[in-house]
Amino acid sequence: MRSFAGICGLIFICFLSRSVQNPGASQGTDCSEIQRRSPQAKSGIYTIQPAGLKKPVKVHCEMYPDGGWTVFQYRSGSSVPFNRTWCDYKNGFGAPPQDYWLGLMAVHLMTNNNNRKWTLRVDLRDHEGGMAYAEYRNFRLDNEKNAFKLHVGAYQGTAGNAIRGSYAGIDQNGFGFSTVGHDNDGCDPCIFGDIAVNECVFSEGGGWWFSRCGSANLNGEWHPTGDHIGWASGLHWRTWKGPAPYSAKSTRMMIKSE
């Protein structure tokens, strides 16, 4: 098994996180293209520039026999906070090999190519040394005007289909991304027992494609071993562990094209 916005207030602030970096010349539009150009390329850090992105960015590429995977989310600890603004999630934060989020705009531009089909893979590692994964065919994100709406197709894997919901009525497919100040989660409000929730981001943390708060969120608060069971937030994938809420030790989200 393999290891592992809206409109921003100021354009300067919105692009600050990327403008201060100088990743160097692009080596391709994504990791799949890099592998096609150089079949012997090894896994590691590369510089990519999807068509339409103003500046090249650094990513971690996993070069497997089935393709070159572009890692756009990696979490392994608390050193990089994921409780971020729309601007941060749009443009990205952190940097490989540490925890990072590549950016919604970069992922949208990659997956907006109608000549390619994309697969999303989610890798989960638990606190006991186990691993699981979920793969989704026909992955893509809409543009910012449509709140980077999530689209996924057929599922396969060992972690369960949490994006499509662990129980009836919870389906995060087709929902826009939500952060504080950008509510696209479908709650107006959502009622959980005797608790009314207007915005999932306040209880779930981070930014995600929430649908009535949903059963998947890998951008919530990270919890260390010993404090990872029974929390309302966390890096959760409800179809994987249970019955109590379980926060993963580390997560990785990556895509490849065909």
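Below, each value reflects all heavy atoms present in this structure, side chains not excepted, and no hydrogens, waters or symmetry copies.
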Give a yes or no on whether a salt bridge exists between Glu62 and Arg121, defined as a side-chain N under 4.0 angstrom from a carboxylate O. no
Side-chain contact test, heavy atoms from C-beta onward, threshold under 4.5 Å: evaluate it for Asn112 versus Asn143 and give yes or no. no
Which heavy atom of Leu102 sits nearest a heavy atom of Tyr100, and at what distance? N-CD1, 3.8 Å
Side-chain donor/acceptor of Arg75 to backbone N/O of Gly220, under 3.5 Å: yes
For the backbone of Leu141 and the side chain of Thr111, can you confirm whether one donor and one acceptor N or O come within less than 3.5 Å of each other? yes
Can you list the residues that meet the side-chain contact (heavy atoms from CB on, under 4.5 Å) rule with Gln35, with sequence neighbours excluded? Met63
Could you please spell out the steps behind the side-chain contact (heavy atoms from CB on, under 4.5 Å) verdict for Ile229 and Lys241? CA-CA 10 Å; Ile229 297 176; Lys241 296 283 188 177; over 6 Å; no
Shortest non-hydrogen pair, Ser32 vs Gly68, comes out as OG-O, 2.7 Å
Would you say Asp126 and Lys249 make side-chain contact, with heavy atoms under 4.5 Å? no
Just to verify, what does Gln156 make a side-chain hydrogen bond (donor to acceptor under 3.5 Å, both in side chains) with, not counting sequence neighbours? Glu135
CZ on Phe139 to OG1 on Thr119, rounded to 0.5 Å: 10.5 Å
Which distance, rounded to the nearest 0.5 Å, do you find between the OH of Tyr46 and the NE2 of His60? 9.0 Å
What distance separates Asp227 CG from Thr225 OG1, expressed to the nearest 0.5 Å? 9.0 Å
For Phe175, which fellow cluster members are found when Ile, Leu, Val, Met, Phe, Trp and Tyr are connected by side-chain heavy-atom distances below 4.5 angstrom, either directly or through intermediates? none
Give a yes or no on whether the backbone of Asp88 and the side-chain of Thr85 come within a donor-acceptor separation of less than 3.5 Å. yes
Verify side-chain contact (heavy atoms from CB on, under 4.5 Å) between Lys90 and Phe148, making sure each step is shown before the conclusion. CA-CA 9 Å; Lys90 173 185 174 180; Phe148 300 110; 4.2 Å; yes
Go through the structure and list residues passing side-chain hydrogen bond (donor to acceptor under 3.5 Å, both in side chains) with Asp171, not counting sequence neighbours. Arg164
I'd like to know if the side chain of Asn83 reaches the main chain of Gly205, judged simply by a donor and an acceptor atom lying under 3.5 Å from each other, with no hydrogens or angles considered. no
Gly153 to Tyr136 - nearest heavy-atom pair and separation: O-CD2, 3.8 Å
So, the side chain of Ser247 versus the backbone of Gly234: is there a donor-acceptor pair under 3.5 Å, distance only? no
Rounded to the nearest 0.5 angstrom, the OG1-CD1 distance for Thr70 and Ile48 is 5.0 Å
What pairs with His108 under side-chain hydrogen bond (donor to acceptor under 3.5 Å, both in side chains), at least two apart in sequence or on another chain? none
Enter the distance from Arg238:CZ to Ile170:CD1 here, rounded to the nearest 0.5 Å. 10.5 Å
Looking only at non-hydrogen atoms, find the nearest pair between Lys149 and His151 and report the distance. O-CD2, 3.5 Å
Is it the case that over 12 heavy atoms from other parts of the model lie below 6.0 angstrom from the CZ atom of Arg137? no
Trp101-Phe72 aromatic ring centre distance below 6.0 Å: yes
Between Thr239 and Ala159, is there a donor-acceptor pair closer than 3.5 Å when you use the side chain of the first and the backbone of the second? yes
Quick one: CG on Leu120 to OH on Tyr155, what's the gap to the nearest 0.5 Å? 12.0 Å
If you link ILVMFWY side chains whenever their heavy atoms are less than 4.5 Å apart, which other residues fall into the same cluster as Leu235? By chain and number, please. Trp222
For Gln172, which residues count as a side-chain hydrogen bond (donor to acceptor under 3.5 Å, both in side chains) partner, sequence neighbours excluded? none
Correct closest heavy-atom pair for Leu218 and Thr251 would be CD2-CG2, 4.0 Å
Within the side chain of Thr158, is there an N or O that forms a donor-acceptor pair under 3.5 Å with the backbone of Tyr133? yes
Suppose the criterion is salt bridge (charged side-chain N to carboxylate O under 4.0 Å, His left out): which pairs have a residue in residues 106-118, not counting sequence neighbours? Asp30-Arg116, Glu33-Arg116
Mind checking what makes ring-ring contact (aromatic ring centres under 6.0 Å, His included) contact with Phe82, not counting sequence neighbours? Phe93
With sequence neighbours left out, the residues meeting side-chain contact (heavy atoms from CB on, under 4.5 Å) with Leu109 are Pro50, Leu53, Met105
Please give me the minimum heavy-atom distance between Leu150 and Trp209, naming the atom from each residue. CB-CD1, 3.4 Å
Just so I know, are the side chains of Met110 and Cys31 near enough to count as touching, which here means a heavy-atom distance under 4.5 Å? no
Test side-chain contact (heavy atoms from CB on, under 4.5 Å) applied to Asp183 - qualifying residues, sequence neighbours left out: Ser178, Asp185, Glu199
Please identify each residue that fulfils ring-ring contact (aromatic ring centres under 6.0 Å, His included) with Tyr246, with sequence neighbours left out. His127, His228, Trp240
Would you check if Tyr64 and Met254 make a side-chain contact, meaning some heavy-atom pair closer than 4.5 Å? yes
